[in-house]
Each structure stands twice: as structure tokens, then as C-alpha cells.
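See structure below.
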Amino acid sequence: MDRIKAIGIVLVVLGHAPGFDPRVTTFIYSFHMPLFFFVSGYVLSRARLDEPWWSYVRGRAGALLPPYVLFFVPSYAYWLLARNQGSHAGAQGILPWYDPLIGLLLGYGPALYVNTALWFFCGLLVSLALYHAICKRFGAGVALLVCALIAQAAVLVFPLRGVRLIWCMENACVAAFFVALGQWCASRHLDLKAAQHPKVSIPVLALALTATVVLCLINGRTDLNKLEFGLFPALYLPNAVVGIVTVALLARLMTDNRALAWLSANTLIIFPSHLLMFNVFTAVGVLVFGLPLDFKASSAWFGVIYAAAALLLSVPLAYALAKILPSVFGVGRPKAGPRSATLADIR
């Protein structure tokens with residue numbers, strides 16, 4: 001599962017990076033966020049599910065809300081500094097200073113425009129709460145079916161509405177299915193971890209990858225954050241599931257290395273910080289090097305540079321946060337030194 005998380009966080013960063021062909025981001029967006037909800041469900045322990053619902057939700061809120069707020073603060077500070085400059089001028093420039101604070105309370109993607117990646121913390125909290133309630137009532141097998149029905153109805157209905165509910169409640173109706181799928185796979189002991197010598201044929205991976213690409217070409221651009229489920233919303237769930245299978249098969253063909261281990265261990269840092277870093281990179285390019293405002297969209301190489309730089313800068317950031325705020329970003333590994341918590345530690 002660690003390799004799956006590492007692949008997932010790289011896809012998230014690449015999916016947000018500028019300059020790539022829209023077909024590349026369409027492919028990534030079709031499953032990269034469902035993948036993280038799937039992982040959260042897979043690592044959800046039986047002991048957690050046996051907790052009383054309110055106790056479980058309170059514990060997950062205690063783990064998710066501190067990083068949600070902490071990463072909002074620098075994002076908000078940057079917005080205050082840049083809102084009347086460049087691409088931030090105009091519509092955002094006339095917004096009052098307190099408008100992002102309202103977004104923090106509302107807790108859904110479009111309202112969190114200072115750092116849209118923060119929606120995932122709210123979405124994960126609500127989807128875990130929803131799945132826990134359903135699983136308590138029905139068990140993992142039936143809960144998967146119930147969550148699938150709720151999710152399929154959600155992808156068909158919610159995009160038609162002109163309003164959003166607070167705290168990503170609509171997103172959670174869809175995301176809870178992937179949590180349920182992950183938990184169901186774990187309960188059936190479907191091992192998605194990479195073995196030392198995996199016996200997975202490349203043709204099977206190629207078949208899954210082809211299916212993912214074909215479904216993307218048919219359905220078009222999707223975005224779970226924005227409740228955009230493509231031209232044929234009924235294809236969203238199958239497309240995401242096939243994409244998850246593709247990543248799982250790819251992970252089985254990979255070998256362990258320190259880079260993958262680090263990426264897996266630091267998703268909680270990389271996920272909410274990379275968009276803020278992208279904004280800073282753009283500001284440096286415009287203000288320091290005198291590049292045009294849209295320079296980053298001119299080539300996929302800028303996307304590669306943005307993604308690589310954000311991942312590299314996450315190394316000292318993760319170390320510093322694990323040292324400064326170990327209760328939020330650290331997990332106990334005294335002999336190996338500080339290590340930041342991963343999103344999958346929040347389950």
C-alpha cells in the first residue's frame with residue numbers, strides 16, 4: 001500500500017502542475033482522488049470501526065482539522081499579499097479580506113480558493129464518518145453496495161444543482177464508495193501490497209491501463225472536488241475503479257526504494273503544500289525573472305519543474321514540521337528520527 005500512496009501523491013502533484021496536455025490531466029483526474037479515499041478505507045482498522053460513531057468522528061476530526069487549519073494560514077497570508085497582483089487581481093482582488101475565512105468555515109473546494117487542495121481534509125472527514133455509520137449498520141459487504149448506490153445517485157444528481165453543501169457533503173457521498181471499496185478489499189484479504197518478487201504480468205497492467213484511457217476518452221474531464229463527473233457521469237465510478245486497479249498493478253511491479261518510502265510517509269505534508277509552492281514559483285518567475293504571467297502554461301517542462309521542485313522542497317518542510325509540531329505531523333519512530341504523518345495514518 002505504501003507504493004500505491006507514493007504513486008498517488010506524485011499523480012496529485014503532476015495533476016495540478018501547469019503546462020501539461022489536457023489529456024494528461026484528464027487521465028490523472030479520473031482516479032487520483034478516488035485512489036486516496038480507497039487507501040484510507042483499505043487501512044481502516046477493525047478497531048476503528050468498532051468504536052462508537054461519535055468517538056470515531058471526534059478522533060478523525062482531531063487528526064484532520066489541525067493540518068487543515070495550519071495549511072490554510074500560510075495560504076491565506078499569501079492570498080492577502082498577492083490578491084491585487086497579476087492573476088490574483090480582478091475578481092479575487094475585490095473580495096474582502098475576510099472572504100477566505102468564510103471559505104474555511106464552509107469547507108468545500110470552490111470556497112477554499114486560497115488552496116483548493118484543502119477540500120480533501122473536509123471530504124475525508126465526512127466520507128469516513130458516513131462510511132462508519134453505514135458499516136456499523138450493515139457490515140463491510142452490504143456497506144459497499146449501499147455506498148455504491150449512494151455514489152452512483154450522487155454523480156447523476158449533484159452536478160445538476162447550483163448550490164453546494166458545507167464540508168464537502170456531496171463529495172463525501174461519492175468518496176465514501178471508495179472508502180468502502182478499500183475496506184471491503186482489506187476485509188477479504190485482497191492483498192494490494194507489492195511483494196518482493198511480484199508475479200503480475202505486464203499484459204494485465206496494459207489491459208487495465210487501456211481500459212482507464214478508453215473510459216477517459218469517452219467520459220472526458222472529471223473533478224471530484226468540483227463535482228464534475230464527465231460527459232457520461234455513470235462512467236465515473238467504473239473509470240475510477242479501473243484507474244485504482246491500474247495503480248495497484250503498477251505498484252506490484254515496482255521495487256522498494258527510499259524515494260517511494262519517503263513519498264508514502266509524507267503525503268500529509270505534500271498534499272496541502274504543493275499548490276502554495278506553485279503559487280510562489282509563479283511569483284518568482286514573474287517578479288524576479290520578468291517572465292510573462294502565463295509563462296508556466298507554455299510548456300510541459302514547466303509542469304515537470306514545478307512538480308519536481310515542490311517535491312524536493314517538501315523534504316525540508318516535512319522534517320521541520322515533524323520537529324516543530326510532532327503531535328500533528330509526527331509519528332513515533334524515535335530511532336529513525338522524525339517522520340511526518342501520512343494521510344493513511346488518519347483512518
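Count residues from 1 along the sequence.
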Acceptor/donor pairs from residues 162-183 side chains to any protein atom, 3.5 angstrom cut, sequence neighbours excluded:
from, atom 1, to, atom 2, distance (Å)
Arg164, NH1, Asn225, O, 3.4
Arg164, NH2, Asn171, OD1, 2.9
Arg164, NH2, Asn225, O, 3.4
Trp167, NE1, Leu105, O, 3.0
Glu170, OE1, Leu165, N, 3.2
Glu170, OE2, Arg161, NH1, 3.1
Glu170, OE2, Leu165, N, 2.8
Asn171, ND2, Leu224, O, 2.7
Asn171, ND2, Asn225, O, 3.1
Gln183, NE2, Gly41, O, 2.9
Gln183, NE2, Leu44, O, 2.8

Checklist entry - Does the side chain to side chain contact (heavy atoms under 4.5 Å, CB included) test come out yes or no for Phe281 and Leu313, once each step is laid out? => result CA-CA 11 Å; Phe281 298 161; Leu313 287 176; 3.7 Å; yes
Item to check | Arg60 vs Arg48 side-chain heavy atoms within contact, under 4.5 Å | outcome: yes
Checklist outcome for this item: Which of Phe271, Phe329, Phe121, Tyr76 passes ring pair (Phe, Tyr, Trp, His ring centres under 6.0 Å) with Phe71? Answer is Phe329
Next on the checklist: Quick check on Arg46: does its CZ atom have over 12 non-hydrogen neighbours (other residues, nucleotides or ligands) under 6.0 Å away?
Outcome noted: yes
Item to check | Cluster overlap Val280 with Val315, hydrophobic side-chain contacts below 4.5 Å | outcome: yes
Item to check | Working for side chain to side chain contact (heavy atoms under 4.5 Å, CB included), residues Ile150 and Ile134 | outcome: CA-CA 11 Å; Ile150 293 174; Ile134 295 173; 3.9 Å; yes
Checklist outcome for this item: Closest heavy-atom pair, Gly141 versus Arg188, reported as atoms and distance to 0.1 Å, is CA-NH2, 4.4 Å
Next on the checklist: side chain to side chain contact (heavy atoms under 4.5 Å, CB included), that's the test. Do Tyr306 and Val13 meet it? Break it down for me.
Outcome noted: CA-CA 9 Å; Tyr306 268 54; Val13 176; over 6 Å; no
Next on the checklist: For Ile305, give me all partners under side-chain contact (heavy atoms from CB on, under 4.5 Å), at least two apart in sequence or on another chain.
Outcome noted: none
Checklist outcome for this item: Checking Asn266, Leu70, Ile269 against Leu321 for side-chain contact (heavy atoms from CB on, under 4.5 Å), the one that qualifies is Ile269
Checklist entry - Same cluster for Tyr78 and Leu101 if Ile/Leu/Val/Met/Phe/Trp/Tyr side chains link at under 4.5 Å? => result yes
Item to check | Side chains of Leu145 and Phe138 in contact at under 4.5 Å (non-hydrogen atoms) | outcome: no
Item to check | Least distance between heavy atoms, Pro238 atom then Ala234 atom | outcome: CD-O, 3.3 Å
Checklist entry - Do Arg23 and Phe27 meet the cation-pi criteria used here (NZ or CZ under 6.0 Å from the six-membered ring centre, within 45° of the axis)? => result no
Which pairs of donor and acceptor atoms, one on a side chain in residues 214-221, lie under 3.5 Å apart (sequence neighbours left out)?
from, atom 1, to, atom 2, distance (Å)
Asn219, OD1, Leu231, N, 3.1
Asn219, OD1, Phe232, N, 2.6
Asn219, ND2, Phe229, O, 3.0

Checklist outcome for this item: For Thr255 and Leu260 the tightest heavy-atom approach is O-CD1, 3.6 Å
Checklist outcome for this item: Residues Ala140 and Ser187: closest non-hydrogen pair is CB-OG, 4.1 Å
Checklist entry - Does a side-chain heavy-atom distance below 4.5 Å link Asn279 with Trp79? => result no
Next on the checklist: In the structure I gave you, are the side-chain heavy atoms of Leu227 and Tyr108 within less than 4.5 Å of one another anywhere?
Outcome noted: no
Checklist entry - Of all heavy-atom pairs between Thr222 and Gly230, which one has the smallest distance, and what is that distance? => result CG2-N, 3.6 Å
Item to check | Audit row: Phe295, Val286, side chain to side chain contact (heavy atoms under 4.5 Å, CB included) steps and yes/no | outcome: CA-CA 8 Å; Phe295 76 91; Val286 173; 4.1 Å; yes
Checklist outcome for this item: Closest non-hydrogen contact found for Lys5 with Ser264 is CE-OG, 3.0 Å
Checklist entry - Hey, is NZ on Lys226 packed in by over 12 heavy atoms from elsewhere, all under 6.0 Å? => result no
Next on the checklist: Applying a strict under-4.5 Å side-chain criterion to I, L, V, M, F, W and Y, I'd like to know whether Trp262 and Ile9 cluster together.
Outcome noted: yes
Checklist entry - With hydrophobic residues grouped by side-chain heavy-atom distances under 4.5 Å, do Val241 and Leu156 end up in a single group? => result yes
Checklist entry - Phe36 and His32: ring pair (Phe, Tyr, Trp, His ring centres under 6.0 Å), yes or no, with the steps? => result CA-CA 7 Å; Phe36 273 99; His32 74 321; 8.1 Å; no
Next on the checklist: With heavy-atom distances below 4.5 Å as the criterion, would you say the side chains of Lys136 and Trp53 are in contact?
Outcome noted: no
Next on the checklist: Are the side chains of Leu49 and Tyr56 in contact, using a 4.5 Å heavy-atom criterion?
Outcome noted: no
Item to check | 4.5 Å side-chain heavy-atom contact, Leu125 and Leu65 | outcome: yes
Checklist entry - Are Leu128 and Val146 connected in the hydrophobic side-chain network, where two residues link if heavy atoms are under 4.5 Å apart? => result no
